[in-house]
Amino acid sequence: REGLASSAAAAGAIFFVGAGICFVVASRRGSVVVSPNMLWTALLYPVWGLLQQVLVQGVVVRHLSRALPRTVVVLVAGTLFGLVHLPHLALSGATAVLGVAFTIVFLRHRNVWALGLCHGWLGVLFYFWVLGRDPWWEMVSSL
């Protein structure tokens, strides 16, 4: 619980900036949608976002920050987030930027809970609005 409130405030700011960017991009493309599937995705995707935050921040960043300068750690973490989302270049680029922001917050507050939630919710908006994809439908229809 240590660092949760301050991490949540920073993650909230990141969320609102990211959501605003997603909205502007989607508005220009005419792809702002509100779908019931967004709700199901928004309930489940933060679990995956939290897992990614634990792996990158809690394992990689925590260990690297003991031996490397902050700037290097931030760039390595951002690069890792981007690489994990290849081969989709737009998704990879967006997550690299998000990875940099999340790493800066993690190094300051040492808490991944709010970052995982923010990661999941921004992922929902990015998939539905920017990429024009419905990950819930893609998952359910493949069963």
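Computed from heavy atoms alone, side chains included, the values below leave out hydrogens, waters and symmetry copies. What you are looking at is a predicted structure, and each value in this text was computed from that prediction instead of being measured.
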Engineer: Consider only side-chain heavy atoms of I, L, V, M, F, W and Y, link residues closer than 4.5 Å, and tell whether Val54 and Val74 are in one cluster.
Structural biologist: yes
Engineer: Quick one: do Leu125 and Trp48 end up in the same hydrophobic cluster if we chain Ile, Leu, Val, Met, Phe, Trp and Tyr together by side-chain heavy atoms under 4.5 Å apart?
Structural biologist: yes
Engineer: Donor-acceptor pairs under 3.5 angstrom involving side-chain atoms of residues 115-123: please list them, not counting sequence neighbours.
Structural biologist:
{"residue": "His119", "atom": "ND1", "partner": "Gln53", "partner atom": "NE2", "Å": "3.0"}
{"residue": "Trp121", "atom": "NE1", "partner": "Ala42", "partner atom": "O", "Å": "3.0"}

Engineer: Under a single-linkage rule joining Ile, Leu, Val, Met, Phe, Trp and Tyr whose side-chain heavy atoms are separated by less than 4.5 Å, which residues share a cluster with Leu43?
Structural biologist: Leu39, Trp40, Leu44, Trp136, Met139, Val140
Engineer: Does any pair with a residue in residues 117-143 pass salt bridge (Lys or Arg N to Asp or Glu O under 4.0 Å), and if so which ones, sequence neighbours excluded?
Structural biologist: Arg133-Glu138
Engineer: Enumerate the ring-ring contact (aromatic ring centres under 6.0 Å, His included) contacts for residues 87-114, please, sequence neighbours excluded, ordered by first and then second residue.
Structural biologist: none
Engineer: Which donor-acceptor pairs under 3.5 Å do the side chains of residues 89-99 make with protein atoms, sequence neighbours left out?
Structural biologist:
{"residue": "Ser92", "atom": "OG", "partner": "Gly82", "partner atom": "O", "Å": "2.5"}
{"residue": "Thr95", "atom": "OG1", "partner": "Phe81", "partner atom": "O", "Å": "3.3"}
{"residue": "Thr95", "atom": "OG1", "partner": "His85", "partner atom": "ND1", "Å": "3.3"}
{"residue": "Thr95", "atom": "OG1", "partner": "Leu91", "partner atom": "O", "Å": "2.9"}
{"residue": "Thr95", "atom": "OG1", "partner": "Ser92", "partner atom": "O", "Å": "3.1"}

Engineer: Indicate, with yes or no, if Leu68 and Leu75 share a hydrophobic cluster defined by side-chain heavy-atom contacts under 4.5 Å among Ile, Leu, Val, Met, Phe, Trp and Tyr.
Structural biologist: no
Engineer: Only counting residues at least two apart or in another chain, list the ones meeting side-chain contact (heavy atoms from CB on, under 4.5 Å) with Val60.
Structural biologist: Leu64, Leu80
Engineer: Any donor and acceptor pair, going by atom type alone, linking the side chain of Asn37 with main-chain N or O of Pro135 inside 3.5 Å?
Structural biologist: no
Engineer: Excluding sequence neighbours, so at least two apart, what forms side chain to side chain donor-acceptor pair (under 3.5 Å) with Thr103?
Structural biologist: Gln57
Engineer: Is there side-chain contact between Arg1 and Asn111, with at least one heavy-atom pair below 4.5 Å?
Structural biologist: no
Engineer: Is it true that Val84 and Val76 fall in one hydrophobic cluster, defined by side-chain heavy atoms closer than 4.5 Å?
Structural biologist: no
Engineer: Quick one: OG on Ser7 to CZ on Arg110, what's the gap to the nearest 0.5 Å?
Structural biologist: 11.5 Å
Engineer: Examine Phe126 and Val33 and state if one hydrophobic cluster contains both, with Ile, Leu, Val, Met, Phe, Trp and Tyr joined whenever side-chain heavy atoms are less than 4.5 Å apart.
Structural biologist: yes
Engineer: Would you mind listing every salt bridge (Lys or Arg N to Asp or Glu O under 4.0 Å) that reaches into residues 31-60, with sequence neighbours excluded?
Structural biologist: none
Engineer: I need the Thr41 OG1 to Tyr45 OH distance, nearest 0.5 Å.
Structural biologist: 10.0 Å
Engineer: List the atom pairs, with distances to 0.1 Å, where a side-chain N or O of residues 12-29 and a protein N or O form a donor-acceptor pair under 3.5 Å, not counting sequence neighbours.
Structural biologist:
{"residue": "Ser27", "atom": "OG", "partner": "Phe23", "partner atom": "O", "Å": "2.8"}
{"residue": "Arg29", "atom": "NH1", "partner": "Val130", "partner atom": "O", "Å": "2.5"}

Engineer: For Ala114 and Leu4, work out which heavy atoms get closest and say how close.
Structural biologist: N-CD1, 4.3 Å
Engineer: Does any pair with a residue in residues 62-84 pass side-chain hydrogen bond (donor to acceptor under 3.5 Å, both in side chains), and if so which ones, sequence neighbours excluded?
Structural biologist: none
